[in-house]
Protein chains: 2
Amino acid sequence: MDARKKRILGILIDDYIASAEPVGSRTLAKKYDLGISSATIRNEMADLEELGYLEQPHTSAGRVPSDRGYRYYVDELMPKRYITNDAVSRVRMAFQAPMREIAWFIHQTARMVSEMTGYPSMVVAPPVLEARLAEIRVLRLQPGTLLFLVSTDAGVVENRVVSVPEELSVDGLGALAQEFSREFHGIPIHELKDRILDPLAHDAERYRGLWGTLGGWMAEWNLYEDRVTLAGPLSILQYPEFRDIDKVQRVLGFLEREDAVEELLKAAASSTESVQVMIGQESSVEAIWDCSVVTATYQVRSHVVGQVSVIGPKRMHYAQVVATLELVSEELSRALKWA
Amino acid sequence: MDARKKRILGILIDDYIASAEPVGSRTLAKKYDLGISSATIRNEMADLEELGYLEQPHTSAGRVPSDRGYRYYVDELMPKRYITNDAVSRVRMAFQAPMREIAWFIHQTARMVSEMTGYPSMVVAPPVLEARLAEIRVLRLQPGTLLFLVSTDAGVVENRVVSVPEELSVDGLGALAQEFSREFHGIPIHELKDRILDPLAHDAERYRGLWGTLGGWMAEWNLYEDRVTLAGPLSILQYPEFRDIDKVQRVLGFLEREDAVEELLKAAASSTESVQVMIGQESSVEAIWDCSVVTATYQVRSHVVGQVSVIGPKRMHYAQVVATLELVSEELSRALKWA
DNA sequence: AATTAGCACTCTGATATCTCGAGTGCTAAT
DNA sequence: ATTAGCACTCGAGATATCAGAGTGCTAATT
C-alpha cells in the first residue's frame with residue numbers, strides 16, 4: 001500500500017462521499033490533478049480492488065469503496081479535526097444554558113447534532129436504574145395526590161405524581177420517607193423494587209400498599225423513561241441510497257426501537273476510543289448493514305454515562321461527523337459536570 | 001341519488017379501501033351479488049362520476065372515490081360503531097392503570113391508537129399555558145439545586161430542577177413561594193412571566209434574579225414541553241400510496257412539526273361533532289392533501305382540553321378509525337376525570 | 001520497469017415500440 | 001329499464017435498441 005495508492009483511495013472515497021456515483025478512472029484523472037493518466041489509475045484501482053478496498057457494482061461501472069475501504073479511510077486517510085469555528089461556538093453556546101434538567105440537555109444534544117451533521121442522531125441518556133438512591137421524598141399536593149421525588153447520586157431527580165385514595169393518611173409519610181432514604185441510601189435503583197416489596201425490609205405494615213405501588217412504579221420506570229432520544233430521523237430520506245422504501249423502513253424501524261438502539265450504542269461505546277465508527281456489516285444489527293454509525297461517549301464525573309451517536313449511509317461525511325461528535329460529547333460532559 | 005346508487009358507491013368504496021386498486025364494473029358485478037349486470041353498474045358509475053363522487057385515474061381504468069365520494073361515504077354510508085369487543089376491553093384495560101401522570105396517558109393513548117388502527121396517531125396534550133396557577137412551591141434538594149413545583153387548576157403538576165449559585169440563600173424562599181402562590185392564584189401560566197418580571201409586582205428585591213430566571217424558564221415552558229405526541233409514524237410506509245419517497249417526506253415532515261400539527265388538530269376539533277373527519281383537500285395543509293385525518297376531542301371536567309387523532313391515506317378504514325377514536329377519547333376523558 | 005495510448009468489450013439506464021388486458025361508452029336487442 | 005355485444009382506449013409490463021461510461025488488455029513509449 002504505497003503512498004500513491006493511498007492518495008487515490010482517499011480521493012476516490014472523498015469523491016464518492018460527495019457525489020454518490022461510482023467513480024471511474026477517467027473522472028478521477030480529469031477532475032483531480034494527479035499527474036498520472038487514467039490508465040495508470042485504472043491499474044491502481046484494480047490493485048485496490050484486489051486488496052479489498054474497492055468494489056465494482058458491475059463490470060463496467062466505476063468503483064465504490066467497500067466496508068474495508070471505508071474502514072481504512074476512517075482509520076488512516078480522512079482529515080482530522082474537521083470542524084469550523086462556527087460549529088464550535090454554536091455548540092458552546094447551546095450548552096451554556098444553565099438551570100436545566102438532564103433530559104433537556106439530551107434533547108438539545110440530539111437535535112443539534114442531527115442538524116449540524118444532516119443525519120439522524122441518537123443520544124443515550126444516563127441510566128437512571130443504575131444510579132444509586134440519594135434521597136426519596138414524598139409531598140402531598142392535594143388530598144389524594146402525592147408527589148414522589150427521587151434523587152440519586154448522579155444528581156438526577158425523577159419525580160412522579162401519584163394519586164392515592166383520599167382517605168389514605170399521609171401524616172407519617174414524610175418521616176417514613178426519611179427513614180427509608182437513610183436505610184436505602186446508596187442502593188441502585190433497580191434493586192429498590194425488591195427491597196421495597198420485601199415485607200421484612202421494613203415494618204410499617206400500614207404503608208405496605210403504598211410502597212408496593214411505588215415499587216411497581218419503579219419497576220416500570222425504565223420502560224416509560226426515554227432512555228434514547230432520536231432526532232431528525234427523516235433526514236436520511238434526502239440521501240439517494242434511501243430512495244428505496246423498504247430500506248427506509250428497515251432502518252427507521254430499527255431506530256424506533258429504543259431498546260435495540262440502546263444496546264447497539266452501549267456495545268459500540270465499550271471501546272476505549274472517544275469516538276467510534278461502525279461501518280456497514282461491522283454492526284451486529286442486520287437492518288443497518290448499509291449504514292454507518294458513529295458513536296461518542298460522554299461522562300459525568302469521569303464515568304461514562306451515555307452515548308451520542310449519528311447514523312447515516314456508509315457514504316457518510318465521516319470527518320465532519322467524527323469531529324462534531326468529539327466536540328459535542330466533550331461539551332456535554334462539561335455541561336453536566338455540576339450534576 | 002337513489003338507493004341503488006348509494007349501494008354501489010358504498011360497496012365500491014369498501015372494495016377500494018380494501019384493495020387499493022381502481023374498481024371496475026365487471027369486478028364489482030362478479031365479486032358482489034348485486035343482481036344487476038356489469039353494464040348497468042357501468043351506467044350507474046358513469047352517473048356517480050358525473051355527480052362528482054367518483055373519478056377515473058385514466059380513461060380505461062376502474063373508478064376511484066373522489067374527496068366528495070369519501071365525504072358522502074363517511075357522512076352517510078359507512079357502518080357505524082364498527083368495533084370489536086376485544087378492542088373495547090383492551091382500551092378499558094389500558095386506562096385502568098392508576099397513579100399516572102397525564103403525560104403517561106398521552107403517550108399510552110397515542111401508541112395504542114396507532115397500533116389498533118395501523119395508522120400514525122397524534123395526541124395533543126392539555127395546554128399547560130392556559131391552565132391557571134394553583135400553587136407554586138420551592139424545594140431545596142441539595143446546596144445549589146432547587147426544585148420548582150407548579151400545580152395548576154387542571155391538576156397538572158410541572159416541575160423543574162434548577163441549579164442556582166450555592167451561595168444563594170434559600171431561607172425565605174418557601175415563604176416567598178407561598179406568598180407568591182397566594183398573590184397569583186388563578187392567573188394563567190402564560191401571563192405569569194410578565195407578572196413575575198414586573199418589578200412592581202413584588203418587592204423582594206433580593207429574589208429578583210431568581211424569579212427572573214423562573215420567569216424565563218416559564219416563557220420557554222411550552223417550547224420544551226411535548227404538546228403533541230406522535231406514535232407509529234412509520235406505519236404509513238406499509239400502504240401502497242406511500243411508495244413514493246417524496247410523498248412520505250412531505251407527510252412525515254409535516255407530522256414532525258409539532259406546532260403545525262397542533263394547529264391543525266385544534267382547528268379541526270372546534271367542530272361540535274365528537275369525532276371529525278378531514279378528507280384530502282379539506283385540510284388547510286397542502287402537505288397532507290392526499291391524506292385523511294380523523295380527530296376526536298377529550299375532556300377534563302367537561303372542558304375540551306385536547307385531541308386524539310389519526311392520519312392515513314384517504315383510502316382509510318374510516319369506520320374502524322372513527323369508532324376507535326370515539327371509544328378512546330371517551331375512555332381517556334374518563335381516566336383523566338380525577339385530574 | 002513504469003507509464004500511457006489505443007481499442008475491443010461489457011454493462012446499465014434511457015428511450016422507443018409492442019402487446020395484452022381490463023375497462024369503458026355506445027348501440028341495439030330484450 | 002336492463003343487458004349483451006363490440007369497438008375503442010389507455011397503461012403496465014415486456015422487449016428491443018442505443019449511447020455512454022468504464023474496464024482490461026496489449027503494444028508502444030519514456
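Chain letters run A, B, ... following the sequence lines, proteins first and then strands; every chain starts at 1. Keep in mind that the numbers below use all heavy atoms, side chains included, and drop hydrogens, waters and symmetry copies. Quantities reported herein were computed from a predicted structural model and do not represent experimental measurements.
- For A:Arg63 and D:dG24, the shortest distance from a side-chain N or O to OP1 or OP2 is below 4.0 Å.
- DNA chain D is contacted by both A:Arg26 and A:Ala39; A:Arg26 maps to the nucleotide lying nearer its 5′ end (nearest heavy atom per residue).
- For A:Thr40, a side-chain nitrogen or oxygen approaches OP1 or OP2 of C:dT4 to under 4.0 Å.
- Base pairing annotation: C:dA8 forms a Watson-Crick or G-U wobble pair with D:dT23, both donor-acceptor distances under 3.5 Å.
- In this structure, CG of B:Asp47 is placed 14 Å from C1' of C:dT24, rounded to the nearest angstrom.
- Contact between the side-chain N/O atoms of B:Thr27 and the OP1/OP2 oxygens of C:dG23 is found at a separation under 4.0 Å.
- Applying the 4.0 Å criterion to OP1 and OP2 of C:dG23, one finds that B:Ser60 has every side-chain N and O outside that range.
- Summarising the base pairing, D:dT29 is matched to C:dA2 through a Watson-Crick or G-U wobble pair whose two defining distances lie under 3.5 Å.
- One interatomic measurement links the two molecules: NE2 of A:His58 to P of D:dA21, which rounds to 13 Å at whole-angstrom precision.
- Distance from the side chain of B:Gln56 is smallest for C:dG25 among the nucleotides D:dT23, C:dA5, C:dG25.
- As a whole-Å value, the separation of A:Ile41 CD1 from D:dG22 C1' is 13 Å.
- Residue-level contact check: A:Ser38 touches neither bases nor backbone, having no heavy atom under 4.0 Å from any strand.
- Geometrically, A:Lys247 engages A:Phe242 in a cation-pi contact, judged by NZ or CZ lying under 6.0 Å from the ring centre and within 45° of the ring axis.
- Look at CD on A:Glu49: it is 12 Å from C1' on D:dG22, rounded to the nearest Å.
- Contact annotation: B:Arg4 reaches the phosphate of D:dT2 (side-chain N/O to OP1 or OP2, under 4.0 Å).
- At a threshold of 4.5 Å between non-hydrogen side-chain atoms, the residues A:Phe254 and A:Leu264 count as touching.
- If you take CD of A:Glu21 and P of D:dG22, they are 10 Å apart, rounded to a whole angstrom.
- Aromatic ring centres of A:Tyr239 and A:Tyr119: separated by under 6.0 Å.
- In this structure, CG of A:Asn43 is placed 16 Å from P of C:dG6, rounded to the nearest angstrom.
- In this structure, NZ of B:Lys30 is placed 14 Å from P of D:dA4, rounded to the nearest angstrom.
- Note on B:Glu44 versus B:Arg4: salt bridge recorded, some NZ/NE/NH1/NH2 to OD/OE distance being below 4.0 Å.
- The only member of A:Lys30, A:Met45, A:Arg63 that meets side chain to side chain contact (heavy atoms under 4.5 Å, CB included) when paired with A:Ser25 is A:Met45.
- A donor N or O paired with an acceptor N or O is found under 3.5 Å between the base of C:dG25 and the side-chain atoms of B:Arg42.
- Distance, B:Met45 CE to C:dG25 C1': 12 Å, rounded to whole Å.
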